[in-house]
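This report refers to the structure that appears directly beneath it.
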Amino acid sequence: MYCEEPILAKTLQNKGYKALYVDEVTAYHQHISSQKPSSNAARMIAFLKSRKYYIKNYSGYNSLECILAIFIRNLQLIIWKVKEKYGIHKKTH
């Protein structure tokens, strides 16, 4: 799952905690490779699904805003699935 940090931040904010940025602090996030999708497209699809979950459950958007935000994420998801199916990827240098 992606979006754990925004979910944690929103949960803490809802409990009354404040966010504080401290530029002297570095946090390291260790990913477990066996739990993450292997291709870039699969990772993006998993990310977009997680964003939809966040929007629906944590964003604080009203019903119309949720519908619009999820609609946009669904469009992005469709585009990534088509790109993955047909091997269409933007080349990076």
Side-chain angles (χ1 to χ4, degrees):
M1 179 177 196
Y2 292 82
C3 302
E4 301 97 336
E5 292 88 355
I7 290 171
L8 177 61
K10 190 64 170 176
T11 301
L12 293 173
Q13 180 185 28
N14 289 343
K15 291 183 180 213
Y17 291 93
K18 303 267 187 224
L20 177 66
Y21 174 77
V22 181
D23 64 349
E24 295 89 12
V25 175
T26 302
Y28 295 96
H29 188 120
Q30 184 175 0
H31 294 275
I32 300 171
S33 60
S34 64
Q35 294 181 350
K36 299 286 182 179
S38 58
S39 73
N40 287 338
R43 277 194 296 278
M44 181 55 72
I45 289 167
F47 171 76
L48 292 171
K49 286 181 180 179
S50 292
R51 289 303 293 171
K52 285 177 11 183
Y53 175 82
Y54 174 81
I55 289 166
K56 183 178 176 184
N57 296 289
Y58 294 94
S59 69
Y61 292 164
N62 66 38
S63 296
L64 179 59
E65 291 169 327
C66 277
I67 290 168
L68 290 173
I70 290 173
F71 175 76
I72 291 167
R73 292 296 181 199
N74 283 335
L75 285 177
Q76 291 174 311
L77 185 57
I78 290 167
I79 291 167
W80 273 96
K81 285 182 177 181
V82 168
K83 284 181 170 185
E84 184 175 47
K85 181 177 181 178
Y86 294 103
I88 303 168
H89 299 286
K90 185 177 182 180
K91 296 190 184 224
T92 58
H93 299 287

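What you see below is based on every heavy atom in this structure, not just the backbone, and it leaves out hydrogens, waters and symmetry mates. Small disclaimer: the values here were computed from a predicted structure and weren't measured.
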So, taking the atom named [atom1] in [X] and the one named [atom2] in [Y], what distance separates them when rounded to the nearest 0.5 Å?
X	Y	atom1	atom2	answer
K10	Y54	NZ	OH	5.5 Å
N74	I79	CG	CD1	11.0 Å
L68	E65	CG	CD	8.0 Å
F47	R73	CZ	CZ	5.5 Å
L8	Q13	CG	CD	11.5 Å
N57	T11	CG	OG1	10.0 Å

Check whether any side-chain heavy atom of [X] lies under 4.5 Å from a side-chain heavy atom of [Y], and answer yes or no.
X	Y	value
D23	Y21	yes
S50	E4	no
V22	L20	yes

Looking at I55 and C66, what are the two nearest heavy atoms and their distance?
O-SG, 3.7 Å

At their closest point, which heavy atom of K52 faces which heavy atom of L77, and how far apart are they?
NZ-CD2, 4.0 Å

Does I78 share a hydrophobic cluster with I88, counting links as ILVMFWY side-chain heavy atoms below 4.5 Å and allowing steps through other members?
yes

